Amino acid sequence: MYLPKYSFAVVLSLFLGTQTYAEVPRTDWGTPSLQGTWDFRTMTPFERPEQFKDKEFLTDEEISKIETDRAKAWEARGNVDFEEAAKSEGQQGDVDVGYNQFFLDLGTKVNGTKRTSLVIDPPDGRVPAPSEAAIARYVEARDMWARPPEGPEDRNAFDRCIKGFNAGPPMTSGAYNNIMQIVESEDFVVMQAEMVNDHRVIPTSATEQLPDHMRFWKGDSRGVWEGDTFVVTTTNFNEHQMFRLTGPNMTLTERFTRLDEGTLEYKFTVVDPDTYDVPWTAVMQMVKTDADVYEFACHEGNYAMPLMLKGARKQERDGTSKEDDTWLPSWSKPRT
Amino acid sequence: MKKLIYCVAALVCVFSFLGCAGQQNNNLPSQDMLDPPNLNGVWQALGSAHWNLEGQNAFKGPATDVLGALGGIPAGVSYVEGGAIPYTRAALIQREANREEWNKLDPAVKCYIPGIPRQTYMPFPFHIIQSDNKIFVAYEFGSNSRMIHLDRPGTRAELPSWMGYSTARWEGETLVVVVTDQVAETWLDAAGNFHSEDLVVTERYTPMGPDHINYQAVIEDPKVFTRPWTIQLTLYRRKGNDARILEYKCVEFAEDAVYGHLRKGEDMDQPNVKKLF
């Protein structure tokens, strides 16, 4: 049975000059234990901002300043009159993306990697330019999301409660619910993100890829231990797969490495020749937490979907479908 | 791990005199020296408990116009000890009303999380991933799941939820799971059998060999039932290539029922289901 225990790995490697590992909990069968609840909030941007153009890492002083500035901005946001602020920007007030401090759970810390972005390859920290075909595919979907919905299928998978916007795969830090949990046996590792509570049961011994015609919303994940890193390959996404403009033929490789008692490194590489000419990679550190993953009964409480559909039908009746798009959240409106 | 399964299976055979030839072991350790049984794997209930816990004749379902013979509801036995669920008088009237329009009212028709115990005997497999202090159960239907806490005896949830809060202990070879804090909106089957927010379910998972689990659930809810009552069924291990759960994200299949009346060109005043928000 499973008995987590502590051990020091590869002490001799100190003398041999190879990579050494910190003390990490291990399973009874010898692999590092990934089990627990992991927090992947971070304020580190996904792509490197212009201000850090040629800078890969932050100094401790820079990190301290960035975090202090964020804390001040967060405090200031708590005092904002959203109704007035939104109106002054031509928005609808707090009915449009009206998330106050209670709902948002953004990261307040620079990620433990101390990098200026989560993307580490290409070296400029930016996701490569997507193909024209991928952009066209996205524009088509975006235009559909921007019109009054004829039925639920016109909305995206997140509005339909089929997928979580940050649950992946791959998992990425978002506005809230940036937490996931892992339970493991010798033969399987199960990962569950809080966002929409989706889970992946991942075999630990390399198994065959599913036939090409079998396609899932979250793809088909297969794992293997490479030394102390659990490597998960996911393929067989369905046609709705659109992570960073990728399509159903994306091959996602995630690498989970327990760095120490409280830290799990999460690195993923995106390969999708339909969308990107070259693979690209992002890395972040997740932090162990005692917090629980709660049930996220998204569909059971999806008031937004029937309201959007009712609104669209009312607009048709009133003949206002084209002139009034106030039902549409500003973040869903087409951007140039 | 496999050795452990065989060891446990042999023990069950020896102690229950099932006559498992060739598996006797004269040097078996005492029970308190053993690890708990290994329930890891993909399991599924067969039968008709998800249709009607009390048993029923086969009957014409609401989908036979488009599914023909595949749309009928199959016959089934009762999984309730004593045959019938001991409803209070008022609750029985409610159950009959539920049954009258079950497909318009059943939360699972809408792809709402079925709750416990119903999620266990939905006609889909589920995967148990067992560690020493947590057991995760991943269900194919709805991609639902629950965490069972072996390390939190006697605790309760901070909030109610559709799947409730599961704490567990081992009693010999039986995993005993107490499920509390479920919302009142789930049903126990598709026949209108229901409960209140006071529901407490005590599940007992007892291995009957390497490939079978005896599943028993004691259901207590004084608001709805005159006494605790028990269901019992068998969980079967899926094997070979079949031993994996796939994806059945039921939202996309429930949208016709839940939102169909709100599609373009449909009558908004004629919903397919009731009690929607």
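Naming convention: chains lettered A, B, ... in sequence-line order (proteins, then strands); numbering from 1 in each chain. As the structure is a prediction and not an experimental result, all values here were calculated from the model.
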Looking at B:I245, B:L246, B:I135, B:L159, which one has more heavy-atom pairs under 4.5 Å with chain A than the rest? B:L246
Donor-acceptor pair, side chain of A:H199 and main chain of B:N144, under 3.5 angstrom: yes
Which answer fits A:D292, side chain, backbone, both or neither, if we ask what part of it has an atom under 4.5 Å from a heavy atom of chain B? side chain
For B:E158, which atoms come within 4.5 Å of any heavy atom of chain A: side chain, backbone, both, or neither? side chain
Between B:Q130 and A:S185, is there a donor-acceptor pair closer than 3.5 Å when you use the side chain of the first and the backbone of the second? no
Which atom pair, heavy atoms only, marks the closest approach of A:W217 to B:E247? N-OE1, 2.5 Å
Taking B:H127 for its side chain and A:V190 for its backbone only, find out whether a donor-acceptor pair lies under 3.5 Å. no
Okay, B:R146 and chain A: the region with an atom under 4.5 Å from a heavy atom over there is neither
Which bit of B:K249 is near chain A, if near means a heavy-atom gap under 4.5 Å: side chain, backbone, both or neither? side chain
With a 4.5 Å heavy-atom cut-off, do A:R317 and B:M268 have their side chains touching? yes
Using 0.5 Å steps for rounding, measure from the CG atom of A:L309 to the CZ atom of B:R263. 8.5 Å
Against chain B, label A:V183 side chain, backbone, both or neither, depending on which of its atoms sit under 4.5 Å from a heavy atom there. both
Contact part of A:K218 toward chain B, heavy-atom cut-off under 4.5 Å: side chain, backbone, both or neither? both
The interface call for B:Y165 against chain A, heavy-atom contacts under 4.5 Å, is neither
Show your reasoning for whether side chain to side chain contact (heavy atoms under 4.5 Å, CB included) applies to A:E184 and B:I129. CA-CA 6 Å; A:E184 59 196 345; B:I129 298 92; 5.6 Å; no
Evaluate the side-chain proximity of B:Y259 to A:P306: yes if any heavy-atom separation is below 4.5 Å, no if none is. yes
Taken to the nearest 0.5 Å, the spacing of A:C161 SG from B:E255 CD works out to 9.5 Å
A:E150 portion near chain B, given a 4.5 angstrom heavy-atom threshold: both
Tell me, out of A:N197, A:D198, A:V196, who's got the most heavy-atom pairs with chain B below 4.5 Å. A:D198
Spacing of B:C111 atom SG and A:I162 atom CD1 [to the nearest 0.5 Å]: 9.0 Å
Toward chain A, the part of B:M163 with a non-hydrogen atom under 4.5 Å: both
Can you tell if the side chain of A:E295 reaches within under 4.5 Å of the side chain of B:I113, non-hydrogen atoms only? yes
Distance in Å, A:F216 CZ paired with B:S143 OG, rounded so as to fall on 0.5 Å steps: 9.5 Å
One should read off an interatomic distance between B:S131 OG and A:I182 CD1, to the nearest 0.5 angstrom, of 12.0 Å
Would you call A:Q35 and B:N133 a side-chain contact if the rule is heavy atoms closer than 4.5 Å? yes
Contacting moiety of A:Q181, where chain B heavy atoms sit under 4.5 Å: side chain
Hydrogens and angles aside, do A:E186 and B:N40 bring a side-chain donor and acceptor to less than 3.5 Å of each other? no
How far does CZ of A:R160 sit from CD of B:E252, to the nearest 0.5 angstrom? 6.5 Å
For A:K310, I'd like to know if atom NZ has over 12 heavy atoms of other residues, nucleotides or ligands within 6.0 Å. no
Indicate yes or no: at least one non-hydrogen side-chain atom of A:L210 is less than 4.5 angstrom from one of B:R244. yes
A:V293 and B:M147: CA distance, side-chain angles, deciding distance, side chain to side chain contact (heavy atoms under 4.5 Å, CB included) verdict: CA-CA 9 Å; A:V293 169; B:M147 184 73 90; over 6 Å; no
Please indicate whether A:D318 has more than 12 foreign heavy atoms, meaning atoms of other residues, nucleotides or ligands, lying under 6.0 Å from its CG. yes
Indicate yes or no: does A:R313 engage B:D267 in a salt bridge with an N to O separation below 4.0 Å. no
If you tally heavy-atom pairs under 4.5 Å against chain B, which of A:A312, A:G151, A:P203, A:P152 wins? A:P152
